[in-house]
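To start, the structure under review is shown below, and the notes come after it.
Numbered from 1 within each chain, the chains take letters A, B, ... in sequence-line order. The figures that follow rest on heavy atoms only: side chains count, while hydrogens, waters and symmetry mates do not.
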There are 2 protein chains.
Amino acid sequence: MRIGLDAMGGDFAPRETVRGARMGLRFLGATDEVVLYGVRDVVEAQCQEIGLADPRVRIEHCPEVIEMGESPVEALRQKRRASIVQLAVDAARDVLDAVISAGNTGAFAAACQLKIGAVAGISRPGIAVVMPTFHGPVVICDVGANVTPKPRQLYEYARACVCYARLILRVTEPRVGVISIGEEAAKGNLLVREAGALIRRDSSLRFVGNVEGRDIFGGQCDIAVCDGFVGNVILKLTEGLAEGLFKTIVAEIKEESLELVPRFQPIVDRIWKRHDFAEYGGAPLLGIRKVAIICHGRSDQRAIGNAIRVAVEQVNHKFIAVVAEEFNRRPEYVS
Amino acid sequence: MRIGLDAMGGDFAPRETVRGARMGLRFLGATDEVVLYGVRDVVEAQCQEIGLADPRVRIEHCPEVIEMGESPVEALRQKRRASIVQLAVDAARDVLDAVISAGNTGAFAAACQLKIGAVAGISRPGIAVVMPTFHGPVVICDVGANVTPKPRQLYEYARACVCYARLILRVTEPRVGVISIGEEAAKGNLLVREAGALIRRDSSLRFVGNVEGRDIFGGQCDIAVCDGFVGNVILKLTEGLAEGLFKTIVAEIKEESLELVPRFQPIVDRIWKRHDFAEYGGAPLLGIRKVAIICHGRSDQRAIGNAIRVAVEQVNHKFIAVVAEEFNRRPEYVS
């Protein structure tokens, strides 16, 4: 197994990506490899700094770097020798089994789509995140790959997410919902209504209908599909609200009694850890013909290490083959 | 001043609405009135049950009731003598200064729009909610009146919300953001980009650009505008996530040490109260020619009482006149 990691991607690259690669080594078999894509000198210097000299780590030199703020379209056109592009090219050539980047999300998603391509039957891949909730994990898709999807694409997300939830999250019969603003079928918007109709008609899916924002945390569904704009707002809002609430709680505890603070700290740490994106190891780009993991821009080494774990897990479970089988069995979407 | 209250609207009506009216009396002057719109016998029975016999409370008989699940369009067409419709009709005739309902939101918003009408210069009213955050209140508009607004309408929301934040929340120079999925102007979708351009061109507004979900809780803006679909998802998600997090925290505290629970309870209660919709007294329907307050379907008497407080406050501050003045002064939107 060969995992390609964008050593130049993310707010703390290459420092944290190279350290993350080292952390990820323990999830690899003896003959597996992590290939660091990036500017050789820069990556090598980092490896030397931490004394990383494992035969399972290799550097693939990529002279160009796509920065976080660049326009994806422009960047892909102009920087063909950037790590993000080379990762996708090598995955397409079957040199890599999985690709990971914490860099420019738009550029990485576009590179995967253009170079690696989608599984037959899938028109547009979606980014899925696994959200921890009191009632168990919920997969939300799409959180930003496509802000104006077609109903058919939400239906595709549902099918790909079901494969993911079954195989990786071990949810036997995942319940699928469409994120909307009312439980009645008449509410929502055109996209929601048409996507709901497509999913409902597919008897292999356990459709629970429209789910509202609050239902995501209420245990009503295991998978929630939506357009990439709504999904991204949900993702960022959840981060912000959780942070804000914890800040409020800590401030209130301090006001109540300073002596309570150390008693509450381990509780905060535990909950925080469970809700921490770094623990989840990135978001799978579902629908691509290779395992592709998008990491948070703020990923530290632990997040990168966990992304490697998640990638290894998907390759081991033959996740791509399962998705391909699902879309091959019923290649036509009902409409 | 005359406040019209939909006695039949909400999950716990008429019990809680009538009790809420009693709670709201203390915000009224000696010659002010709360008029209970609903089925006379039913409302009267509730008044008798709690011994409510104040000269400032009157019943306006409305023989029909629009239920929570009904289609707004159908309901308005068929039930012209329902409390929701009569409230709007009487406000349009200047018999009422403010209208309040915890009933069918869609029907109430549509009735207000059709019967009372919008302030000159406003094409579509929006529902605004005031969200409590660690850094102070943030007004989010629209949270469900219009799921497919035009850019011009987001710009109108921004202007109306500025009036609201100044007058009611006492924020001198409110910062306005457009909810999007990236800070750069190029990101987001067409609506976000075009609305942003309109708001930016208006030098009377303090525009901070696009704000992401997390920024709402990060103190980046005082007002955030968006389409009604996104806004409603944000509203419901916030409710669900806050509830879910508190559940998790309480469970973790119990696990840590049962003895900690009573010490932590007052803190939870305090934060919960501050985040409780019932404390906020409903969401103003901004842009209507009368004060109109939409309450949560689950409103209890406290929520209804607070809605009366908020309505009185808006009438006292001549909120509608201020909005009309703002849109009269610059009736044309720039485009």
[X] versus chain B, heavy atoms under 4.5 Å apart: side chain, backbone, both or neither?
| X | answer |
| --- | --- |
| A:L190 | neither |
| A:V147 | side chain |
| A:I216 | side chain |
| A:V143 | neither |

Non-hydrogen atoms of [X] and [Y] that approach each other most closely:
| X | Y | result |
| --- | --- | --- |
| A:I267 | B:E252 | CG2-CB, 3.6 Å |
| A:F229 | B:I181 | O-CG2, 3.5 Å |
| A:I253 | B:F264 | CD1-CE1, 3.7 Å |

query = Quick one: of A:G231, A:G213, A:G219, who has the most non-hydrogen atom pairs under 4.5 Å with chain B?
reply =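 Highest number of heavy-atom pairs under 4.5 Å: A:G213.
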ask   = Where does B:L235 contact chain A at under 4.5 Å (heavy atoms): side chain, backbone, both or neither?
value =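 Neither the backbone nor the side chain of B:L235 comes within 4.5 Å of chain A.
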task = Tell me, for B:E259 versus chain A, whether the close heavy atoms (under 4.5 Å) come from the side chain, the backbone, both or neither.
result =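 Side chain only.
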Hey, could you give me the [atom1]/[atom2] distance between [X] and [Y], rounded to the nearest 0.5 Å?
| X | Y | atom1 | atom2 | result |
| --- | --- | --- | --- | --- |
| A:T238 | B:R214 | OG1 | CZ | 11.0 Å |
| B:T148 | A:L191 | OG1 | CG | 12.5 Å |
| A:R270 | B:I249 | CZ | CD1 | 12.0 Å |
| A:L237 | B:L237 | CG | CG | 5.0 Å |
| A:L241 | B:L241 | CG | CG | 4.5 Å |

request  = Start with the C-alpha distance between A:V233 and B:V233, add both sets of side-chain angles, then the distance that settles side-chain contact (heavy atoms from CB on, under 4.5 Å), and finish with yes or no.
outcome  = CA-CA 9 Å; A:V233 168; B:V233 168; 6.0 Å; no
key: Partners passing side chain to side chain donor-acceptor pair (under 3.5 Å) against A:E74 (at least two apart in sequence or in another chain)   =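 Partners of A:E74 under the side chain to side chain donor-acceptor pair (under 3.5 Å) test: A:R77, A:Q78.
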inquiry  = Taking salt bridge (charged side-chain N to carboxylate O under 4.0 Å, His left out) as the definition, give me every residue that meets it alongside B:R124, ordered by chain and number, with sequence neighbours left out.
reply    =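 Result, salt bridge (charged side-chain N to carboxylate O under 4.0 Å, His left out) vs B:R124: none returned.
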query = Is there side-chain contact between A:E212 and B:N232, with at least one heavy-atom pair below 4.5 Å?
reply =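 Yes, at least one pair of side-chain atoms sits under 4.5 Å.
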